[in-house]
S.K.: 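Input: one structure, supplied below.
Protein chains get the first letters and strands the later ones, always in sequence-line order, with residue 1 at the start of each. Every value quoted in this text rests on a predicted model; they were computed, and no experiment measured them.
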Amino acid sequence: MDSLDAFRRETRAWLDANCPVEMRTPVTGDDDICWGGRRWVFKSEAQKVWLERMAARGWTVPGWPQAYGGGGLSHEEVTILKEEMRAIGARSPLESFGIWMLGPALLAFGSEAQKQEHLPKIARGEIRWCQGYSEPNAGSDLASLQTRADDGGDHFVVTGSKIWTSYADKADMIFCLVRTDFSAPKHLGISFILFDMTAPGVSTKPILLISGKSPFCETFFDGVKVPKANLVGTLNRGWDIAKYLLTHEREMIGGGGGGLLGGRSPGQVAASEIGTDGQGRLADHFLRADAARAEVDALAFAATMTRYKDEAAAGGKGVGDKSSVLKYYGTELNKRRYELLMRAAGHEGLEWEGARTHDGERPRDWLRTKANSIEGGTSEVMLDIVAKRLLQLPNA
Amino acid sequence: MLVLNDDQAMLQDAARGFVTDKAPVAALRRIRDERVAEGFDRDLWRAMAAMGWTGILVPEDEGGLGFGFVGAGILCEEMGRTLTPSPFLSTAMMAATALSRAGSPAQKEHWLPAIVAGDAVIATAVDEGRGHDPAGTAMRAERHGNGFRLTGTKTYVVDGQAADAVLVAARTAGSAGEPGGISLFLVDAKARGLAVERLATLDSRGAAELTFDGVEVTADDVIGAVDDGHGLLEVVLGVGRAGLAAELSGNAQESFTRTMDYLKERKQFGRTIGAFQALQHRAAHLFCEVEIARSAVLAALQALDADAEAAGLAVSVAKAKASSVARLAAQEAVQMHGGIGMTDAIDIGLFMKRMQVASTLYGDADFHADRVALARGF
């Protein structure tokens with residue numbers, strides 16, 4: 001306990017000395033989030049300095065080993081770092097699919113050379129990755145994917161297309177699921193490979209969404225040559241990595257939604273926008289009752305995320321199939337949050353363009369949340385996983 | 001760490017073994033069918049005392065285990081799984097908390113050893129109307145010589161029908177609705193002018209309506225500070241709410257487990273009904289809710305151990321969530337059992353009845369959602 005207390009004191013002092021004041025204000029838009037990559041243009045000097053200082057300490061990826069650019073911190077120390085960052089309102093120095101997804105996959109399945117090559121660049125924000133998973137005919141049934149990687153001697157030849165590739169147009173590299181055996185059962189013919197988005201034959205096309213934004217792309221591969229050294233893990237066993245990563249992704253999506261609006265709940269936002277009565281109760285009684293129930297659920301859900309992580313740490317294992325609980329509940333909760341926020345906004349929430357509403361930020365965010373219960377496995381797929389794997393209910 | 005430590009996990013194992021063996025649901029049926037007036041089995045209560053449960057919150061230097069609220073909650077959860085009737089909540093949790101935190105040396109000396117021995121039952125009397133409203137206490141405690149005279153009626157006093165003493169909230173100043181001006185008294189259940197009317201209740205445990213008709217108490221019977229008892233009352237009620245939340249979590253888990261067993265066994269249309277996706281998704285959703293309630297309960301118990309006076313928000317989250325999840329679990333259990341779920345032959349209905357009582361006591365889901373909203377600034 002003493003050493004953790006000391007770690008907390010040192011962390012607090014270091015953050016206080018090194019986190020620029022501009023990086024202690026709430027994120028107000030997409031471009032306040034630093035994604036890194038070859039083509040990244042820092043929004044401010046403070047954003048650049050903050051990334052460099054944190055990366056030098058390994059704290060962009062505090063739980064990764066120091067040998068690969070991480071901080072080498074224990075589970076408890078990572079929690080303390082996050083708590084101390086939250087206490088001063090510090091922004092995350094770097095967000096990326098490399099941190100969330102590829103890094104954990106390489107740590108678990110990558111060769112030593114792959115770890116040495118890719119992890120430090122992710123930690124420093126030098127390379128921005130995207131994820132090539134879904135295809136037009138492989139959504140919830142991801143394992144039926146058809147993008148092919150044919151044997152070309154010392155390389156693969158990749159042909160096919162992906163869809164819902166987040167920020168593919170901005171990414172430097174892709175980690176991609178491809179079919180390397182068409183005769184095997186669908187789960188046993190998939191491989192996990194890495195390649196450069198600037199390679200000849202790669203093209204991307206942003207998809208316009210109902211929010212008016214285009215965070216996702218269609219991505220096309222036309223005979224892309226990929227060195228065989230870029231195969232992660234074993235040929236035709238990529239589904240193991242895919243499953244491992246989906247678990248990670250589900251945990252992450254389930255836990256999302258707390259970061260926006262400075263972490264304020266819909267009830268709290270509504271109180272500041274609508275006002276309260278003499279006893280401090282939100283003036284809109286119908287909205288208040290629903291917001292209060294959502295608040296209970298959100299706090300109980302936050303405790304569940306903590307409990308699952310603590311159980312996983314205590315048991316020396318991952319969260320496993322329980323990530324489906326987090327993904328299902330967290331995303332449904334986030335959709336509820338935005339329904340409440342739209343009720344709180346009233347007429348204000350109907351504006352689509354204009355400086356006053358930041359170009360309709362609230363309704364655009366509200367529309368964006370409708371994807372939460374689809375992406376990374378739909379709510380129905382999550383319930384199937386809970387029913388089959390956690391509850392052992394029989395197959396139909 | 002939001003997990004049980006080794007000692008707590010061992011206590012959970014021991015408790016599960018004990019209640020499964022000594023106090024299964026059949027024991028509740030016997031209390032009901034034989035119309036046991038006290039609503040619980042005295043021999044079982046003494047056996048719990050022998051296990052050390054009655055002293056789980058009593059400090060070690062007062063003869064207890066000083067094991068803490070997580071441990072007490074574990075016992076409530078396990079008793080929730082078997083619907084075990086006992087005065088554990090009223091006596092070993094709420095009264096023990098009041099006495100060990102605010103009792104005078106004489107009160108402690110008189111009552112704590114009796115609680116630990118399983119010889120004393122002490123009820124807490126707060127509510128006076130249809131809903132839970134501690135600040136709404138209107139019952140008067142008028143000064144009379146060196147003491148007070150209590151006049152008024154307390155409704156739905158848990159274990160009031162079996163109590164040796166009653167911890168009663170009454171107003172020595174101010175008026176109903178104000179937190180200030182409330183004092184707590186520890187009154188002998190046989191005091192002159194105190195009438196106890198047993199209520200037959202949904203969960204077969206019973207409760208009591210207590211009518212105080214000029215009951216005389218002395219200054220020595222005050223527990224805590226005169227006019228300033230609301231803070232202590234909130235701590236005692238917080239402990240009761242957390243205990244009920246833990247019990248409701250156990251209740252929900254058991255309803256759920258029995259329903260899963262049924263889904264894997266019952267056949268219709270030529271297959272096991274658990275293979276139907278319509279039921280799988282209901283079951284999976286319920287599982288998620290039960291998991292989330294469990295987390296909220298453990299967080300509340302840990303918050304009480306950390307600082308009982310600052311645990312209000314965590315306790316209200318737990319009581320609100322566990323109350324609504326146990327309700328969902330009971331409803332889903334009956335629905336998924338179908339017709340057999342409506343019969344007295346199986347236990348599902350007993351879980352629903354106790355759920356209704358435990359979710360209503362010391363503030364229902366709405367009461368606590370209101371508190372959560374206020375605590376969070378709306």
S.K.: Where does A:Ile274 contact chain B at under 4.5 Å (heavy atoms): side chain, backbone, both or neither?
M.R.: neither
S.K.: Would a 4.5 Å heavy-atom cut-off, applied to side chains only, mark A:Arg307 and B:Glu291 as touching?
M.R.: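 Yes, close enough: below the 4.5 Å cut-off.
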S.K.: Which of the residues B:Ala300, B:Ala296, B:Ala365, B:Cys288 is involved in the greatest number of heavy-atom pairs with chain A at under 4.5 angstrom?
M.R.: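 Option with the greatest count: B:Cys288.
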S.K.: I'd like to verify something: which residue of A:Thr276, A:Asp297, A:Asp277 has the highest number of heavy-atom pairs under 4.5 Å with chain B?
M.R.: A:Asp297
S.K.: Indicate whether any N or O donor in one side chain lies under 3.5 Å from an N or O acceptor in the other, for A:Tyr329 and B:Glu289.
M.R.: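 Per modelled atom types, A:Tyr329 and B:Glu289 side chains form a pair under 3.5 Å.
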S.K.: Flag the one option from A:Lys309, A:Gln279, A:Lys388 with the top tally of heavy-atom pairs under 4.5 Å to chain B.
M.R.: A:Lys388
S.K.: State, to 0.1 Å, how close B:Gly274 and A:Leu393 come at their nearest heavy-atom pair, and which atoms those are.
M.R.: O-CB, 3.7 Å
S.K.: Among A:Glu311, A:Arg293, A:Arg288, which residue has the highest count of heavy-atom pairs closer than 4.5 Å to chain B?
M.R.: A:Arg288
S.K.: If I measure from the heavy atoms of chain A, does B:Arg271 come under 4.5 Å with its side chain, its backbone, both, or neither?
M.R.: side chain
S.K.: Counting only heavy atoms closer than 4.5 Å, note whether B:Ala299 contacts chain A via side chain, backbone, both or neither.
M.R.: side chain
S.K.: State the CG-CG distance between A:Leu299 and B:Leu313, to the nearest 0.5 angstrom.
M.R.: 6.0 Å
S.K.: By a 4.5 Å heavy-atom criterion (distance strictly below it), what part of A:Asp384 contacts chain B: side chain, backbone, both, or neither?
M.R.: both
S.K.: Side chain, backbone, both or neither: which part of B:Leu4 has a heavy atom under 4.5 Å from chain A?
M.R.: neither
S.K.: Side-chain contact, heavy-atom cut-off 4.5 Å: B:Phe378 with A:Ser265?
M.R.: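 Yes - at least one pair of side-chain heavy atoms lies under 4.5 Å apart.
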S.K.: Rounded to the nearest 0.5 Å, how far apart are OG of B:Ser295 and OH of A:Tyr308?
M.R.: 6.5 Å
S.K.: Over all heavy atoms of both residues, which pair between B:Ile292 and A:Ala300 is shortest? Give the atoms and the distance, please.
M.R.: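 It is CG2-CB, 3.5 Å.
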S.K.: Using a 4.5 angstrom heavy-atom cutoff, name the option from A:Ala292, A:Ala271, A:Ala302, A:Ala289 with the most pairs to chain B.
M.R.: A:Ala292
S.K.: Do you know which of B:Lys321, B:Lys264, B:Met1, B:Arg376 has the most heavy-atom pairs under 4.5 Å to chain A?
M.R.: B:Arg376
S.K.: Any chance the side chains of B:His285 and A:Tyr328 put a donor and an acceptor closer than 3.5 Å?
M.R.: yes
S.K.: Less than 4.5 Å apart, any side-chain heavy atom of A:Leu383 and any of B:Gln280?
M.R.: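 A side-chain contact is absent here, since even the closest heavy-atom pair is not under 4.5 Å.
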S.K.: If we define contacts as heavy-atom pairs under 4.5 Å, which of A:Ala387, A:Ala314, A:Gly267 has the most with chain B?
M.R.: A:Gly267
S.K.: So for B:Asp370, is it side chain, backbone, both, or neither that comes closer than 4.5 Å to the heavy atoms of chain A?
M.R.: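 For B:Asp370, heavy atoms of backbone and side chain both lie under 4.5 Å from chain A.
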S.K.: Distance-only, no hydrogens or angles: does the A:Asp310 side chain make a donor-acceptor pair with backbone N or O of B:Leu2 under 3.5 Å?
M.R.: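 Checked: pair present.
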